[in-house]
Amino acid sequence: MAPLNQISVASPSVPQSIPLYTNGMRIGLLGGSFNPPHIAHRAISLFAIKRLKLDRVWWLVTPGNPLKERGGLHDLNERSEAARKMANDPRIDVSCLESVIGTRYTVDTITYLRRRASGLRFVWIMGADNLAQFHRWQNWRRIASEVPIAVIDRPPQVFGHWLRLPPKHSPAIACPRIRQAGWRTSRRRPGSFLPA
């Protein structure tokens, strides 16, 4: 078995930055404020582990979403602890990476992870509700070019309802990009992608 690696930036008040991993692992990344974490986070993570054949899913608890108001945002340590309790699965790791490395945007987090853990295969996981605003994310086209994206329906949202992106935005997240990265789309469930 390959040795486990961990890269961390020292910070006594924040949990580990990058969870333990072994080169070659397939890691799903689920970012969010987790304010609060809920059963849908866990459900889409377990679905992604099974359908995408992931080794792990890392919940990246952000200090704050740049597209949301920060009012009512609970303390980061409280949210990460609540996320650990909600995850309740050894294949789901909770990290406060963005607060440790000082990033604010997903694109910067992905860039950091790809540089620091280049032996891993990452896929960004998002609920269908986030797809509707994906074109508003900082450097969203770069995100789509850096990692495959799995959009997972989660009731009561319906994938078709949330997929209202203007036509000029859809090519960056279209299936050819996923296939190019070695993933194929699922024919059973719209919006989910499976490894090739």
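This one's a predicted model, so the numbers in the text were calculated from it and none came from an experiment.
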Residues passing the salt bridge (charged side-chain N to carboxylate O under 4.0 Å, His left out) test with Arg56, sequence neighbours excluded, are Asp93
*asked:* Applying side-chain contact (heavy atoms from CB on, under 4.5 Å) to Ile143 and Ile110, what does each step give before you reach the verdict?
replied: CA-CA 7 Å; Ile143 295 168; Ile110 289 171; 3.7 Å; yes
One should read off an interatomic distance between Tyr21 OH and Trp58 CH2, to the nearest 0.5 angstrom, of 7.0 Å
The side chain to side chain donor-acceptor pair (under 3.5 Å) partners of Thr62 (sequence neighbours excluded) come to Glu98
Between the CD1 atom in Ile149 and the CG atom in Asn130, the distance rounded to the nearest 0.5 Å is 11.0 Å
Closest non-hydrogen contact found for His135 with Ala132 is CE1-O, 3.2 Å
Closest heavy-atom pair, Arg42 versus Met86, reported as atoms and distance to 0.1 Å, is CD-O, 3.1 Å
Here the pair of heavy atoms bringing Phe34 nearest to Gly31 is CE1-C, 4.0 Å
Note: Arg84 and Val94 closest approach over all heavy atoms is NH2-O, 3.4 Å
Check: Does a donor on one side chain sit under 3.5 Å from an acceptor on the other, for Trp59 and Ser95?
Finding: no
Here the gap from Trp124 atom CH2 to Leu29 atom CG, rounded to the nearest 0.5 Å, amounts to 6.0 Å
Arg91 meets the side chain to side chain donor-acceptor pair (under 3.5 Å) criterion, sequence neighbours left out, with Asp89
Between Ser45 and Leu30, the two heavy atoms sitting closest are OG-CD2, 3.6 Å
*asked:* Please check: side-chain N/O of Arg79 versus main-chain N/O of Ser33, any donor-acceptor pairing under 3.5 Å?
replied: yes
Interatomic distance, CG@Asn23 vs CZ@Arg121, rounded to 0.5 Å, equals 13.5 Å
- Task: Before giving the answer on side-chain hydrogen bond (donor to acceptor under 3.5 Å, both in side chains), spell out for Thr111 and Arg142 the whole-Å C-alpha distance, their side-chain angles and the decisive distance to 0.1 Å.
- Result: CA-CA 10 Å; Thr111 299; Arg142 190 164 140 219; 2.6 Å; yes
Looking only at heavy atoms, the pair that brings Pro37 and Ala83 closest together is CG-N, 3.5 Å
